[in-house]
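Scroll down for the structure; my scribbles are underneath it.
Since the structure is predicted, the reported quantities are computational estimates derived from the model, not experimental observations.
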2 protein chains.
Amino acid sequence: MTAVEPPHSGTRKTTLAEVAAAAGVSLATASKALNNQPRVSDATRRRVQEAAEKLSYIPNAQAQSLISGRTNSIGVITSDLTGRFCTPILLGAEDEFGVTSNTVLLCNARGDALLERNHLSFLLSRNVDGLLIVGDETDPRPHLDVPDNVPVVYVYAPSDNADDCSVVCDNVEAGEMAVNHLLSCGKRKIAIIGGSDTTPNAHNLLLGSPSSAQARLNGSLKALHEAGLEPAGPVRFSQWTESWGRAATRLLLDQNVDFDAVVCQCDGIARGCMDVLKERGISIPSQVAVIGHDNRDMLAPDADPPLTSIDNCPEELGHVAARALIDAINGRPHHGVESISCRLVQRESTLPM
Amino acid sequence: MTAVEPPHSGTRKTTLAEVAAAAGVSLATASKALNNQPRVSDATRRRVQEAAEKLSYIPNAQAQSLISGRTNSIGVITSDLTGRFCTPILLGAEDEFGVTSNTVLLCNARGDALLERNHLSFLLSRNVDGLLIVGDETDPRPHLDVPDNVPVVYVYAPSDNADDCSVVCDNVEAGEMAVNHLLSCGKRKIAIIGGSDTTPNAHNLLLGSPSSAQARLNGSLKALHEAGLEPAGPVRFSQWTESWGRAATRLLLDQNVDFDAVVCQCDGIARGCMDVLKERGISIPSQVAVIGHDNRDMLAPDADPPLTSIDNCPEELGHVAARALIDAINGRPHHGVESISCRLVQRESTLPM
DNA sequence: CTGAAAGCGCTAACAT
DNA sequence: ATGTTAGCGCTTTCAG
């Protein structure tokens, strides 16, 4: 960490007083003129605006918010080191705020609770109008203690306090969607390769908040049961990696499980699965169809054949979360967990084209 | 005298005045006490700190920076929609700024020049102490017109104004490094599969700033020439995708090019290349070694075999850029382009292990 | 329609 | 060692 010195004496910014002087009016009039307040003659207004333009006047947001009590900025605390969830969520949030002219103060807590507290008090001292807490897992995270005039929305990882507002993606629906798609393709013997099943702790069990692996599985099982089916072979959990996808697929094949489709709980697993199927000369999708989760950029569209996948729509998550936050800032807080629907992206790993 | 309210029931934030009153001291003393200024007795200081703690006092950053003239915040404008470059760069910058003292205002311009200008004036009105402009390509980008008391550092995509400070990764060195590693593994017949060669426009030609594909190629050719070698087969450019990697590799094989190693200009291409090699029964790395660029999380480590790759160290880019920005904020601006070294990450696609 | 004056919350000279 | 006072740049009554 490098030391920061006192301000460098550089060119000073033009103040409103200077603009007023240049336009030959008082401070108050200049302020009204620039803020489109009513009690200013058109001629004066124009004169002030021209002076401001000429001096390239930029209003001081600090001074403004000292008065208004509003900063038109929101704080985002994330623990997402890859930017995978965070970036699309921020994009969505920016879209929403764009209208209101808002700035995002971004902090990365790197999953460290202490760092998170530091960032939090920092953002509070900056008087952010609201907070977006972006997790990188679907498991619930501890409620954050924040003065209750500052609204908070939890994104991706919900708060463990049911009264808080959380926006998450619907992994149960995602699991269902995967199976239903395969069924619609005429597949009936559907195997499932799980991701990493972080055993939910007592806390999460109480809340009934399973890991994303469990949630996706629950959805898939539900869809199977509704069709009067059971998964082909045992469902195993290990990691969210290609190598696990390879290993799990080899297991299925070596144990002579009879299957014509595989739900892989992430695209990496699906890629590993496809590799092994191709290695064994099994054609995709005619003999075995493969579907993934997450619709990851580098993994799904460019697979061979391109991989059908369930997109969690993180950008939509950002939109909805931002809207909830704006509502709360405007005095209409949301409560509880809001689930965002996923989207099926059909490609050739399930559809012969 | 206003009653002191507990933090959770109060709507208004506690001010320093309230803390001072609670501690029975003046405003000035309270300020000194909390800012560890010298002229306060230990007893008083403790009393004030306790009062502040009890009232959960949070200083108002707006008021502070109205006085100090600095906001302890920097603005970041990015056009990186995936967060791939931006996130690690932000992490590096956060490290450098020290988590407790600085905030990052993040804006995404989505490659839109107008939106960029909007964000820029927004950040300026917020009096950011400096600006980090993060591109998503290695090609130079237009210089940004900013009042010269606000320092700017361009990251990843350099400014087209040589007087500006830019921090970029050294793709020439990366290209060299890839070839030299293969040479050190005993390979001599090295093929190269290029990425997307965005034809540099007249502007870039003048600046001598080739695309990253060209830069990497130049480095690789340099290393080959120094070893008295030429690339095996023609070097082709198309896209940064796996399918191009597959196509290019098939071309090499079908045209009977004699090669024992391939430099792929990104990990996706390398993955496609490996797939085709395996498909044709060519063993990696004993018959043909494969090396990629970028060391992408989901692509390189989990390939089969794991893919050796050149890491562009974006986090280091963030560190260096942040340091340059801090220097500039402190009145010691950097000028010109600074190149950051890459790092070779050895895995089994080049090394039998 | 325009301007003088009172702060927003805080720090930094200057008293005491 | 502590208190008083004058602003930082701006908006907003409230007089003219």
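At C:dT2, one or more side-chain N or O atoms of A:Ser41 fall inside 4.0 Å of OP1 or OP2 (strictly under the cut-off). For C:dC1, the OP1/OP2 oxygens have no side-chain nitrogen or oxygen of A:Thr44 closer than 4.0 Å. Taking side-chain N and O atoms only, B:Thr15 has no distance below 4.0 Å to OP1 or OP2 of C:dG9.
Between A:Thr87 and B:Thr87, some side-chain heavy-atom pair lies under the 4.5 Å cut-off. For the pair B:Asp80 and B:Ile89, the minimum side-chain heavy-atom distance is 4.5 Å or more. With a 4.5 Å cut-off on side-chain heavy atoms, A:Glu338 and A:Val168 do not count as touching. B:Asp136 places none of its side-chain heavy atoms less than 4.5 Å from the side chain of B:Thr78.
Put simply, CG on B:Asn72 is 14 Å from C1' on C:dT11, counting in whole angstrom units. Whole-Å rounding puts the A:Asn35 CG to D:dG9 C1' distance at 13 Å.
Listed by residue number, A:Leu66, A:Ile67 are the residues of residues 59-67 of chain A with a heavy-atom contact under 4.0 Å to DNA chain C.
A salt bridge (charged side-chain N to carboxylate O under 4.0 Å, His left out) check over residues 114-123 of chain B, counting only residues at least two apart or in different chains, returns the pairs B:Glu116-B:Arg141. Sorted by first and then second residue, the salt bridge (charged side-chain N to carboxylate O under 4.0 Å, His left out) pairs with a member in residues 314-337 of chain A read A:Glu96-A:Arg323, A:Asp327-A:Arg332; sequence neighbours excluded. Each salt bridge (charged side-chain N to carboxylate O under 4.0 Å, His left out) pair with one or both residues in residues 20-43 of chain B, not counting sequence neighbours, would appear here, but there are none.
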Enumerate the protein-to-nucleotides 3-6 of chain D contacts in which both atoms are nitrogen or oxygen and the separation is below 3.5 Å.
unit_1, atom_1, unit_2, atom_2, d
D:dG3, OP2, B:Ser26, N, 2.7
D:dG3, OP2, B:Ser26, OG, 3.4
D:dG3, OP2, B:Thr29, OG1, 3.0
D:dG3, O6, B:Lys32, NZ, 3.0

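Listed candidates were C:dA12, D:dT2, C:dC10. Nearest to the side chain of B:Val40 is D:dT2. Of all nucleotides listed (C:dC10, D:dT12, D:dC10), D:dT12 comes nearest to the side chain of A:Gln37.
When each of B:Ile58 and B:Arg39 is assigned the nucleotide of DNA chain C with its nearest heavy atom, B:Ile58 is the one assigned upstream, toward the 5' end.
At a cut-off of 3.5 Å, with distance as the only test, no side-chain donor of B:Arg126 or B:Ser73 sits close to an acceptor on the other residue. Between the side chains of B:Asn127 and A:Gln62, at least one donor N or O lies within less than 3.5 Å of an accepting N or O.
DNA chain D forms stems at C:1-16 with D:1-16, each a run of 3 or more consecutive Watson-Crick or G-U wobble pairs whose two key distances fall under 3.5 Å.
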